[in-house]
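Small disclaimer: the values here were computed from a predicted structure and weren't measured.
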Amino acid sequence: IYQSLEDTLRNLLLERWDAVPALAMIRQTAGQIRARAERLVAGMPEIRAKVVPGNSVIGGGATPEQAIPTWLIAISCANLAEFEERLRAGDPPVVARIEDNRVMLDLRTVLPEEEAEVVRELSAISSQLSASAI
C-alpha cells in the first residue's frame, strides 16, 4: 500500500495527471467519451441503445455533487431493474444507473482496455433477457 501511495504522490508532484487513474478519468473530454460510446453502440446492433448527453458526478469527499459534461449510453429494455442488476452482478461488474426509463452507462469510469468486456457483458445480458421473455 505504501508503494501505491508513493507512486500516486510522485505522479502528482511531477504533474503526470494521466498516470493517476481517477484524474485521467476526470480529464477525459466529453468529445472523447462520445467517440468511445458511439463506437461501442455501433458494435452492439442487437441492443437498443443510443448515445445521449449527460453528466458525470465526480465527487464524494471534496466535490460532492459536482458534475461534468459527458455522453452516456442509454439502453432501452423491458425490465430496467433486472438488466441493471445483472450488469452489477456480472463478471466484471458493470455499474450503471436507471434514468429517464433507460439504463445509463457512463464510459468515463470504464478504461478503454475494459470496453470489450463491457460489450460482452451487455450482449450476454441482452441475449438472456430476450430469451427469457419468449
Legend entry - Heavy-atom pair of closest approach, residues A30 and P69: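 So the minimum-distance heavy-atom pair works out to CB-O, 3.8 Å.
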Legend entry - Closest heavy-atom pair and its distance - I68, I26: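 Looking at all heavy atoms of both residues, the shortest contact is CD1-O, 3.7 Å.
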Legend entry - Single-linkage hydrophobic cluster V52~V57, side-chain heavy atoms < 4.5 angstrom: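 No; tracing contacts between hydrophobic side chains, which count when under 4.5 Å, never links both residues.
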Inset, instruction - Report the hydrophobic cluster partners of M25, with the cluster defined as I, L, V, M, F, W, Y residues connected by side-chain heavy atoms closer than 4.5 angstrom, directly or transitively. - result: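 Direct or chained contacts put M25 with L111.
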Inset, instruction - Please go through I1's hydrophobic cluster and name the other residues, only I, L, V, M, F, W, Y counting, with side-chain heavy atoms under 4.5 Å joining them. - result: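 Y2, all in the cluster of I1.
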Using side chain to side chain contact (heavy atoms under 4.5 Å, CB included) as the criterion, list what pairs up with [X], not counting sequence neighbours.
| X | answer |
| --- | --- |
| N79 | A81, E82 |
| P53 | W71 |
| I47 | M44, A49, I75, L122, S123, S126 |

Excluding sequence neighbours, so at least two apart, what forms salt bridge (Lys or Arg N to Asp or Glu O under 4.0 Å) with [X]?
| X | result |
| --- | --- |
| R27 | D18 |
| E84 | R88 |
| E6 | R10 |
| E114 | none |

Legend entry - S56 versus R108, side-chain donor and acceptor atoms under 3.5 Å: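 Their side chains do contain a donor-acceptor pair, which is all the 3.5 Å distance test asks for.
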Should [X] and [Y] count as side-chain neighbours, where that means a heavy-atom distance under 4.5 Å?
| X | Y | value |
| --- | --- | --- |
| L40 | V119 | yes |
| I73 | M104 | no |
| R34 | R39 | no |

What distance do [X] atom [atom1] and [Y] atom [atom2] have between them, rounded to the nearest 0.5 Å?
| X | Y | atom1 | atom2 | answer |
| --- | --- | --- | --- | --- |
| L72 | L107 | CG | CG | 8.5 Å |
| I125 | R86 | CD1 | CZ | 7.5 Å |
| L9 | S4 | CG | OG | 10.5 Å |

Legend entry - Contacts of type side chain to side chain donor-acceptor pair (under 3.5 Å), residue E121, not counting sequence neighbours: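 Residues passing side chain to side chain donor-acceptor pair (under 3.5 Å) with E121: none at all.
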Can you list, pair by pair, the side-chain donor-acceptor contacts under 3.5 Å of residues 90-97, counting residues two or more places apart and other chains?
| unit_1 | atom_1 | unit_2 | atom_2 | d |
| --- | --- | --- | --- | --- |
| R97 | NE | E99 | OE1 | 3.0 |
| R97 | NH2 | N55 | O | 3.2 |

Inset, instruction - Starting from the C-alpha separation in whole Å, work towards a yes-or-no answer on side chain to side chain contact (heavy atoms under 4.5 Å, CB included) for R102 and K50. - result: CA-CA 10 Å; R102 297 176 292 191; K50 65 181 184 176; 3.5 Å; yes
Legend entry - Pairs flagged by salt bridge (Lys or Arg N to Asp or Glu O under 4.0 Å) wherever residues 40-49 is involved - sequence neighbours left out: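 Sorted result for residues 40-49: empty, none.
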